[in-house]
Amino acid sequence: MSTPTAPDAIYRNDEGLGIWEHRGKVAAVGVGHAPTSRRWDGRPETCVGAITIDALRKAIDDAGVAPNQIDGLVVVPVTTTGAFWEQGKPLPMDVIQSFNQTDDPLDGVAKLSAEWLLANMPELTNVQFTMYGPGCMSNALNVTAQAVGDGLTHTCLVVKSWHNFEGRYYQGGANAGDAIPGTPAITQLWGGPASYSTALQFAEYCRKYGKNHEMMAPFMENSRRNGLMFPEGYWAQHRPEKLLPEDYLASRWIAKPANLFDNDIPIMMSGAYLFSTSERAQDMKQKPVYILNHASSNTRPRSLLPTLDEVEADTARTARKIYEGAGITADDLSFENMYDGFSLFHQFHLEGLGYRGIKFGEALDFYQTDISIEGPNPVSPSGGNVGSGRSRVWMHTDCIQQLQGRAGPRQVTGVKPEVGVSGGPMPLGGNFTVWSASPD
Amino acid sequence: MDMVRLVRDKGFLIGSCSDRTLSGQRAIWAEHDIEVDFVVAKHMLPDVKAKFEADTYLHIGDREDLDRQYALKAGFDFLWPDEAVAHPHFKPED
């Protein structure tokens with residue numbers, strides 16, 4: 001079996017598509033997370049392949065589905081954005097030989113293929129459909145939802161994992177060479193930290209609206225608080241430390257006005273879900289969470305970096321797509337779990353959505369009000385990457401758990417959890433999912 | 001922590017300088033019942049030097065880019081952990 005990358009046609013990129021044809025007919029049921037760690041310790045049982053198998057098996061068990069009932073697998077094949085196996089570094093043969101291998105020796109160590117997973121999960125005997133969702137769980141979720149809706153698979157696993165090696169993030173791979181091929185040769189011309197484009201947009205945002213970086217502190221404190229109530233997350237598992245305003249504001253700049261805590265901490269993690277048709281989901285172990293819509297942004301900026309004007313236009317456009325396909329309005333959102341890694345663009349997503357009626361330039365003032373899970377306007381109840389480490393997954397897990405009533409101490413109490421939205425990563429270029437406790 | 005207690009008892013001014021949160025650093029010291037003179041973020045060694053008058057300023061760290069370079073730039077001497085263990089400062093007085 002050769003696994004294709006999802007075709008463009010699977011995504012809902014455009015406005016005017018109307019209600020999603022599979023609205024309420026696809027459901028998420030099972031959730032599985034592997035234990036997190038800061039970096040890989042070199043053991044076979046903790047490599048990215050192993051933790052992915054762990055997460056997948058937990059999702060299967062959580063849904064109460066027999067493995068031979070699963071007929072689909074959607075995988076994000078890339079497992080890092082900045083921690084690459086150093087060229088010339090000896091391969092970890094003891095780890096590689098601990099698993100059934102593919103043609104790529106780093107499969108399961110520094111990347112993931114569907115073939116590697118199937119070769120090492122013999123219980124998945126009936127998988128007929130595999131597909132790659134590039135980049136993020138947000139993308140893979142769109143692929144999975146559409147594939148189940150289209151009948152390409154009826155019981156489908158979807159997984160995103162991250163590895164993290166020793167060494168400085170983003171300083172290996174292509175960045176370590178003397179030349180960078182393709183578009184990044186232009187977009188990364190100045191060699192700035194990854195957050196610098198977001199920092200530039202945020203600086204312009206502050207100038208335009210008369211805001212400042214200090215106004216981010218309540219959001220950061222709230223996100224870490226929520227993260228510390230997320231037992232699957234890195235900070236909760238390893239360093240249960242609050243992020244008080246004093247802590248946040250004392251931190252050093254990485255790309256001013258983005259400081260250390262505005263940049264999410266890279267970790268090892270794996271998160272998996274089991275999706276099915278709404279009909280089949282009725283017989284599974286957990287309460288189904290229905291997908292009302294998925295929507296994507298594939299907008300290209302006009303120049304090297306998106307300007308604030310482009311960001312605002314596109315987040316508004318994305319919101320219109322989200323609402324149109326789901327048949328809802330901003331008023332229907334019980335909570336939002338838009339992406340936050342980097343924290344300084346969460347407000348762009350929030351304002352684009354018009355969450356709780358806020359308009360462009362108002363989110364930082366909104367952060368000064370009650371945005372806790374106990375209040376009427378919960379912001380990022382997952383805590384996102386700020387709260388649990390770099391994954392781009394927590395926001396989705398939280399939506400499912402909130403709507404299933406399984407978010408534990410993180411459960412929103414100020415509103416009835418009925419409809420949530422999650423997705424990212426970037427304000428220009430992302431994939432989004434609308435989740436609901438009911439199919440209607 | 002025993003090393004820190006030893007130099008504390010010898011009269012050194014001590015503290016921590018880290019990317020860990022200020023509240024997190026304080027929590028670690030409190031957990032070990034060690035009273036420190038300062039707790040600062042990674043880039044604030046110059047503030048420490050400005051605040052405290054001392055004969056020598058010494059930073060112990062384990063990163064070239066984030067510890068040694070910052071320390072030297074701020075006018076501190078620098079020791080790697082293994083060098084610190086062997087340094088006379090951290091030996092009991094006879």
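Both the backbone and the side chain of A:E246 come within contact range of chain B, judged by heavy atoms closer than 4.5 Å.
With sequence neighbours excluded, the residues satisfying salt bridge (Lys or Arg N to Asp or Glu O under 4.0 Å) with B:D19 are A:R252.
Checked against the 6.0 Å centroid threshold, A:H33 and A:W394 count as a close aromatic pair. A distance of 6.0 Å or more separates the ring centres of B:Y70 and B:H43. Checked against the 6.0 Å centroid threshold, A:F345 and A:Y339 count as a close aromatic pair. For A:H346 and A:F348, the gap between ring centers reaches or exceeds 6.0 Å. Aromatic pair A:H213/A:W253: centroids less than 6.0 angstrom apart.
Remark: side-chain polar atoms of A:R392 are not paired, donor with acceptor, to backbone N or O of A:P425 under 3.5 angstrom.
Interatomic distance, A:L305 CG to A:Q201 CD, rounded to the nearest 0.5 Å: 7.0 Å. Note that the NE2 atom of A:H349 and the CE atom of A:M395 stand 8.0 Å from one another [nearest 0.5 Å]. Summarising the geometry, atom CZ belonging to B:R20 is positioned 4.5 Å from atom CD1 belonging to B:I28; distances are rounded to the nearest 0.5 Å. In this structure, CZ on A:F165 lies 11.0 Å from CZ on A:R39, to the nearest 0.5 angstrom.
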Kindly indicate, with the supporting measurements, whether the criterion side-chain hydrogen bond (donor to acceptor under 3.5 Å, both in side chains) is fulfilled by A:T36 and A:H238. CA-CA 8 Å; A:T36 65; A:H238 301 284; 3.2 Å; yes
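Proximity to chain A at a heavy-atom threshold of 4.5 Å picks out B:R63, B:D65, B:L66 from residues 57-66 of chain B, in numerical order. Identified by a heavy-atom distance below 4.5 Å to chain B, contributing residues of residues 381-389 of chain A are lacking entirely. Contacts from residues 259-271 of chain A to chain B, taken as heavy-atom pairs separated by less than 4.5 Å, involve A:L260, A:F261 in sequence order.
A donor and an acceptor atom, one from each side chain of B:Q25 and B:S16, are located under 3.5 Å apart.
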